[in-house]
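What follows is a single structure, written as structure tokens, with notes after it.
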Amino acid sequence: MKITLKIKKYNPEKDTDFYWREFEIEAEETDRIMDVLHKARWYQDGTLAFRRSCGHGICGSCAMLINGENRLACMTLVSDVNYKKPIRIEALPAPTEHIQKDMAIDQTSFFDKYQSIKPWLINDEPPPQHRERPQSAEEQALIDESTQCILCGACTYSCPSTWADPEYLGPAAMLKAYRFIFDSRDRGAQERLAILDSKQGLFKCYTIFNCVHACPKEINITWHLGELKKRLAQEKY
Amino acid sequence: MATVNVVQHDVIVVGSGVAGLRAAFEAAQVSDVAVINKIYPTRAHTGTAQGGISAALGNEEDDNWEWHMFDTVKGSDYLGDQDAIEVLAKDAPRAIIELEHFGVPFNRTPEGRLAQRQFGGHTKEFGKAPVKRACYSADRTGHVMLHTMYEQCLKHNVRFYPEYQMLKLLKRDNKVVGLVAVDFQTGEYYVMHAKAVVIATGGYGKMFRTTSNAYSYTGDGMAITYKAGLPLEDMEFVQFHPTGLFPLGVLITEASRGEGGILTNADGERFMERYAPTIKDLAPRDIVSRSIYFEVRDGKGVNNKNYVNLELMHLGREVVEKKLPEIASFVRTFLGIDPALKPIPVTPTAHYAMGGIPTDINGRVRSDSGDGIVEGLYSAGEVACVSVHGANRLGTNSLVDLVVYGRRVGKHIAEEYIRHAEFAPLPDDPAGDILNELETIRNRTGGERIAVLREAMQDAMMDHVSVFRTDAGIKEGIEKIRKLQERFKNISVEDRGAKLNQDLLDAWELGNMLMLSEVLAKAALQRTESRGAHYREDFPERDDDQWLKHTFTHMGDDGRPVFSFRPVTLGRFEPKPRTY
């Protein structure tokens, strides 16, 4: 069958502004949006820019706006969207100046925020020799969901607080903070909570739940941020 | 001509999978280390590893590193070097404990120890029964390892250059002095001057039509090394993972069988009982993949198609959702199938390169099939061939390989090499020829489409050089590849720009893959025996008298592969017939 992709194009070396281009593609219902984007790039427009790598939802490269929702192109099938009409595809809703080319955005600020919460295990106590640090299955389960994050950015770029204030830490970075603060082996909770307790931090989450809706790994991010808020409130007040 | 920037670091690691990151972490303790990768660090292919990482920890039942070593030697069909395998099996428990100390969120036993599960080819008491040896984090073990090693590198001030594509190694005589790369985002070229270069760029699965591998898996590191006049080892050995999701080829972890899943044919028969009576569905991957092909050939493919069923229904929803959530999720997404209720259609999928850049047990790259070493060049991970996997890799041993040999590379650089190493002078006009090559591709107008040639290559490799191979078939494959190499000279790219020009890199990668395809096919043609993943229908038996040796391939003066050989390092386990 034939479907139409309506792609928001921008090439900084040629274009002064964004424009929409339609591509008619021969597709199957079971094709991934990534597959039909490949068909567009390989056979119609070699300049078409989008990132992708693994093709099954674990590398986090291909988050983009598909019919108005932040989704992974590799985990969205043609049959998942209304393909009777043109399928609109554009970059994640990032600040305009971060859009590099078509669907490719500059993720520097996204990774800077991630790095700002000290995303590594902090524990200066010497670990036991020749064996693991003990952790119960229940303690491991507490962080299990948060370790599924693939840093695709679908959540952060769906968040109205991020849209209003680009300096806001955003859900992905704070979910990573949760992953360590609630890890029974970590000792860095205080320093991370201090980072979260700022104008651009945790309490700028207004529980809008866009992040939860956007997350391709179905992580309940808002719940995790809620646990962080409780923890911060307990520690501080 | 484009401007060329010059940067300098003591050590440049190419590739940000766990092998590269583990090497970078170690070397960064005493030197200035940079990691470049053509994609963002956390997008590396290690992240797709699902089922587990093995070590004889004995947390769930008795285990012993010698059993792990034996299984790996036997799994390799005796082509693996036993000194390297001994290092792997002995060091694996330490390596996994260390990962836990770095923060990897492994699943736990009720006692708070690292949980372990069964995996293909891993047995107790030298083959008697399956053993629980694989540590895991649900079915995203590679993902959590990748993220944890990235975190540790950030903590230890490793410098990252995301989206820098290596194009060429810079060599003076027998010493590597750096590399040339292009910044994908800006299109600017970089000469990266270094005392040591580590190649950890992964495999080449995208040479095949059906593969579990990422789009980034185009064999760049092997191609660049080969073009630098260095050898590749055992290129004929490609692993086809038996359970790729039909028809996409996306990987369904072997842990699904480790947790008790079984394979059935069109008659509903558990056919692995016939091929591997002792360990059945947990036989090594080469054997299970071949068995599936035999079933399909005998008309036992499900719905008369070339797939069989993977049944998880009897495990119950709890096991499927808790232990295998990733695969459950994408089976639902891609096929609309709930694996707790219905079987999953699976077919063998190109998965792993056993061969690659030959190294010694410290990851130093070999310059020939003797004992020559290239100064300043190291390699680890899938791109390398040390060789621990021989003719067939066991599941979970790739992740062990990354941390054991990634660390050994970093340690050798830090403890033996870097103190005495200098920045050797760069060659004159170091980037000139590679810039010319890329500019030539960028400006060609021949009209051949990259995608058309790439698909033809993938079909040729799949049809002629995959699970079943014959003299006539491989020759037909080589003929097709040679024609594609000619057509490649008329390739056109549409994107003439500098920034984020994937079209140009696709073309350059295709050129590499067409070269490596020929190496792989010719290596398969000359090995007139069957061993591990290399199965010759016209030579169905293993032939230790002739072929208990590694294949080394150099580029000859005419640009064509030239072969030489290196004996296998044997040790405590004598080659025996391989039955399971």
Side-chain angles (χ1 to χ4, degrees), chain A residues 11-14 30 32 38-39 41-43 45-61 75-77 80 100-102 104 106-107 111 115 118-121 123 127 130-137 139-140 143-144 147-151 179-180 183 185-186 217-218, chain B residues 39-40 42-45 47-48 93-94 96-97 100-103 105-115 137-138 140 142-144 147-148 151-152 154-155 162 185 214-216 248 250-251 325-326 329-330 333-335 449-452 454 493-495 497-503 506:
Chain A
N11 182 344
E13 294 174 86
K14 283 204 284 201
T30 50
R32 299 166 285 193
H38 274 145
K39 288 179 192 172
R41 176 155 88 208
W42 293 344
Y43 297 102
D45 176 7
T47 73
L48 190 63
F50 59 96
R51 293 189 175 90
R52 87 290 186 247
S53 189
C54 78
H56 61 279
I58 196 75
C59 81
S61 300
M75 293 297 281
T76 307
L77 302 189
D80 293 336
Q100 295 174 310
K101 190 176 175 182
D102 302 335
D106 181 353
Q107 296 157 301
F111 279 101
Q115 210 170 323
K118 305 188 180 183
W120 46 76
L121 192 80
N123 187 337
H130 311 303
R131 61 164 291 169
E132 65 275 61
R133 290 179 203 267
Q135 182 174 53
S136 70
E139 287 167 335
Q140 196 272 338
I143 58 166
D144 195 57
T147 65
Q148 294 173 35
C149 173
I150 57 175
L151 297 172
R179 178 253 173 274
F180 287 103
D183 187 329
R185 301 167 297 173
D186 188 86
K217 307 308 284 184
E218 299 178 31
Chain B
I39 49 183
Y40 265 84
T42 57
R43 317 301 187 208
H45 200 52
T48 66
R94 183 207 55 75
I96 291 182
I97 297 295
E100 192 285 322
H101 293 167
F102 285 160
F106 285 117
N107 280 44
R108 301 286 177 146
T109 65
E111 298 78 36
R113 308 296 304 268
L114 301 182
S137 186
R140 49 177 171 280
H143 167 74
V144 294
H147 280 242
T148 301
E151 292 156 5
Q152 288 299 314
L154 290 176
K155 186 179 178 187
Q185 295 185 17
Y215 282 89
S216 55
L248 278 175
V250 171
L251 180 68
E326 286 288 331
S329 157
F330 62 64
T333 301
F334 292 142
L335 298 182
R449 266 194 189 280
I450 300 161
V452 171
R454 187 172 46 218
V493 301
E494 235 177 300
D495 193 341
K499 296 180 177 178
L500 292 102
N501 191 336
Q502 187 67 49
D503 208 25
D506 278 359

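Here is the naming used below: chain letters follow the sequence lines, and residue numbers restart at 1 for every chain.
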Look up atom [atom1] in [X] and atom [atom2] in [Y], then write down how far apart they are to the nearest 0.5 Å.
X	Y	atom1	atom2	answer
B:D503	A:W42	CG	CH2	11.5 Å
A:E132	B:L114	CD	CG	4.0 Å
A:I58	B:T42	CD1	OG1	11.0 Å

If every non-hydrogen atom of [X] is compared with every non-hydrogen atom of [Y], which pair is closest and at what distance?
X	Y	answer
B:S216	A:S53	OG-OG, 3.0 Å
B:S137	A:Q140	OG-NE2, 4.4 Å
B:F334	A:H56	CE1-CB, 3.9 Å
A:Y43	B:A451	OH-CB, 3.6 Å

Check each atom of [X] against the heavy atoms of chain A and say whether the ones under 4.5 Å are side chain, backbone, both or neither.
X	result
B:F102	backbone
B:L335	neither
B:N107	both

Less than 4.5 Å to any heavy atom of chain B: does that hold for the side chain of [X], its backbone, both, or neither?
X	result
A:S136	backbone
A:Q115	side chain
A:D144	both
A:L77	side chain
A:Q135	both

Counting heavy-atom pairs under 4.5 Å to chain A, which of [options] comes out on top?
options	answer
B:Q502, B:Q185, B:E494	B:E494
B:R43, B:E100, B:E111	B:R43
B:L248, B:T109, B:I39	B:L248
B:V493, B:L154, B:I450	B:L154
B:G47, B:A44, B:A115	B:G47
B:K499, B:H45, B:R94, B:R113	B:R113

(Q) Please verify the inter-ring angle class for B:Y40 with A:F111; under 30° counts as parallel, over 60° as perpendicular, anything in between as tilted. (A)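 Rings of B:Y40 and A:F111: parallel, as their planes differ by under 30°.
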**Q.** NZ/NE/NH1/NH2 to OD/OE distance under 4.0 Å, A:K217 and B:E326
**A.**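 A salt bridge links A:K217 with B:E326.
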Q) If you measure from the Lys or Arg side-chain nitrogens to the Asp or Glu carboxylate oxygens, is any gap between B:R108 and A:E139 under 4.0 Å? A)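 So B:R108 does not pair with A:E139 through a salt bridge.
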Q.
If you define the side chain from C-beta out and look only at heavy atoms, does anything of B:P325 sit under 4.5 Å from A:Q148?
A.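 They are not in contact (no side-chain heavy atoms under 4.5 Å apart), so the answer is no.
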(Q) Measuring only between side-chain heavy atoms, which start at C-beta, is B:E151 closer than 4.5 Å to A:L121? (A)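 SC-SC contact between B:E151 and A:L121 ruled out.
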Of all of [options], which one pairs up most often with chain B through heavy atoms under 4.5 Å apart?
options	result
A:D102, A:I150, A:N11, A:T30	A:I150
A:R32, A:K14, A:H130	A:R32
A:H38, A:K118, A:E218	A:H38
A:S61, A:P134, A:A137	A:S61

Q) Hey, is the main chain of B:L500 close enough, under 3.5 Å, to the side chain of A:K101 for a donor-acceptor pair? A)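 Side chain of A:K101 to backbone of B:L500, a donor-acceptor pair under 3.5 Å: yes, one is there.
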Q. Can B:N501 and A:E13 be said to form a side chain to side chain contact (heavy atoms under 4.5 Å, CB included), step by step?
A. CA-CA 11 Å; B:N501 191 336; A:E13 294 174 86; over 6 Å; no
Q: Check step by step if side chain to side chain contact (heavy atoms under 4.5 Å, CB included) holds for B:R140 and A:T147.
A: CA-CA 9 Å; B:R140 49 177 171 280; A:T147 65; 4.0 Å; yes
Q: Using the side chain to side chain contact (heavy atoms under 4.5 Å, CB included) rule, take B:H101 and A:R185 through it: C-alpha gap first, then chi angles, then the decisive distance, then the call.
A: CA-CA 9 Å; B:H101 293 167; A:R185 301 167 297 173; over 6 Å; no
